[in-house]
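This chain uses plain numbering: 1 for the first residue, then up along the sequence.
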Amino acid sequence: MTGRRSVRWIVTDLDGTLVGRDLRIPKANAAALRRFAAAGGEVVVATGRTEESALPYYRELGLATPAILYNGARVVDLSTGGLLHARCLDAASWAKLSLLLDELPDGAHAVVFSDGRGHTRDDGAAALRDYARRDGIGLVPVASWNDLPLDGITKVMLVCADPALMDPAERAVAATVPGVTLVRSESTYLEVLPEGATKGTALRELAAARGVPIAEVAAIGDNPNDIDMIRAAGLGAAVGDGHPDVLAAADIVVAACADGAVADLVGRVLA
């Protein structure tokens, strides 16, 4: 039984939502999304990950929809690599941020994304090795941030070895760098994005471009970087073991990630 859809799109975060802590898609989630697609629905991935990092999950699910990447800074057709929409840090913001990156406290490390690749000056840091392994990406060492283009920075990821470093890192960026959006995608990940770049903004723009009423979109996530997307959607769902702020922002709370959060959402929208 395929069911009858009450929404046209399900927009799902990856890590901690569709994808478990073992970096795999639980079978229940994959099967549920196939049922949703069989009923005529479409699935859109919205993640902080890069093209390289998101592509294996996109292929596993057999998706043909655009992907919202870099927490909304880029929208890409992963089947062709075609760039549908992009925001970059303005040159003045990047110039100030690049100076700040060299003054980060011990245990806070920067990855700067440009032209689809992550660049770092701390490629030996254990926290960065763990981050690159989890996301399945390679990091390109650079001798100086000046080696990167002033007008081509998609986002900067600050990876902290200790969650206690997050608050001071965020305060330092907020006080020094204008014209950026700051989001926390994990307890030790602070992302510096172009002004106005959020998953919610990207979702609104993509839905409008595709002629999909936002009221017919269900979005699900687990971390604060998902809140704008959850609020933008007609139905916003929080993963049961997600961040308390996400649970408070959502219309509904579904199962924990390991218990098939996305499958639970699909069951609720397939009447």
Side-chain angles (χ1 to χ4, degrees), residues 46-50 68-76 83-122 125 127-128 131 139-140 142-206 221 223-232 243 245-246 249:
T47 179
R49 289 178 180 249
T50 68
I68 296 169
L69 305 174
Y70 301 90
N71 276 313
R74 287 165 75 95
V75 179
V76 178
L83 180 62
L84 304 180
H85 184 77
R87 284 181 168 89
C88 289
L89 294 175
D90 68 65
S93 296
W94 166 239
K96 291 184 178 181
L97 181 58
S98 64
L99 294 175
L100 181 63
L101 296 183
D102 290 330
E103 300 175 359
L104 293 174
D106 290 343
H109 312 280
V111 179
V112 179
F113 289 91
S114 178
D115 196 27
R117 306 190 74 185
H119 304 80
T120 183
R121 297 189 64 194
D122 298 321
L128 288 190
Y131 164 68
L139 296 179
V140 181
V142 292
S144 168
W145 298 125
N146 293 329
D147 295 341
L148 301 177
L150 271 174
D151 58 354
I153 306 302
T154 304
K155 80 169 182 178
V156 176
M157 169 79 83
L158 300 184
V159 179
C160 297
D162 185 338
L165 295 170
M166 291 283 282
D167 284 344
E170 183 167 357
R171 285 195 297 267
V173 176
T176 307
V177 186
V180 296
T181 298
L182 300 177
V183 297
R184 298 189 182 203
S185 52
E186 294 286 347
S187 64
T188 56
Y189 295 172
L190 175 66
E191 306 200 19
V192 187
L193 297 161
E195 188 170 26
T198 69
K199 290 184 182 182
T201 299
L203 171 56
R204 293 181 190 96
E205 293 172 349
L206 181 59
N223 262 319
N225 61 313
D226 299 313
I227 289 175
D228 186 49
M229 174 179 77
I230 287 170
R231 287 176 171 161
H243 191 282
D245 291 349
V246 181

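- By the side chain to side chain donor-acceptor pair (under 3.5 Å) test, R87 pairs with H85, E205, sequence neighbours left out.
- Note on K199 versus D228: no salt bridge recorded, every NZ/NE/NH1/NH2 to OD/OE distance being 4.0 Å or above.
- More than 12 heavy-atom neighbours from other residues, nucleotides or ligands sit within 6.0 angstrom of CZ on R204.
- Here the closest non-hydrogen pair linking L89 and L97 is CD1-CD2, 4.1 Å.
- With rounding to the nearest 0.5 Å, the separation of CG in D226 from CG in D245 is 12.0 Å.
- Every residue meeting the side chain to side chain contact (heavy atoms under 4.5 Å, CB included) condition with R121, not counting sequence neighbours, appears here in chain and number order: D102, V142, W145.
- Without hydrogens or angle criteria, S98 side chain to W94 main chain gives a donor-acceptor distance under 3.5 Å.
- Applying salt bridge (charged side-chain N to carboxylate O under 4.0 Å, His left out) to E191 and the options R184, R49, K155 leaves one that passes, K155.
- A salt bridge is absent between K96 and D90: the closest approach of a Lys/Arg side-chain nitrogen to an acidic carboxylate oxygen does not fall below 4.0 angstrom.
- Partner of N71 under the side chain to side chain donor-acceptor pair (under 3.5 Å) criterion, out of T154, N225, T181: N225 alone.
- The backbone N or O of P178 lies less than 3.5 Å from a partner atom in the side chain of S93, making a donor-acceptor pair.
- For the pair H109 (side chain) and V159 (backbone), a donor-acceptor distance under 3.5 Å is absent.
- Listed here is the closest heavy atom pair of L104 and L101: CG-O, 3.4 Å.
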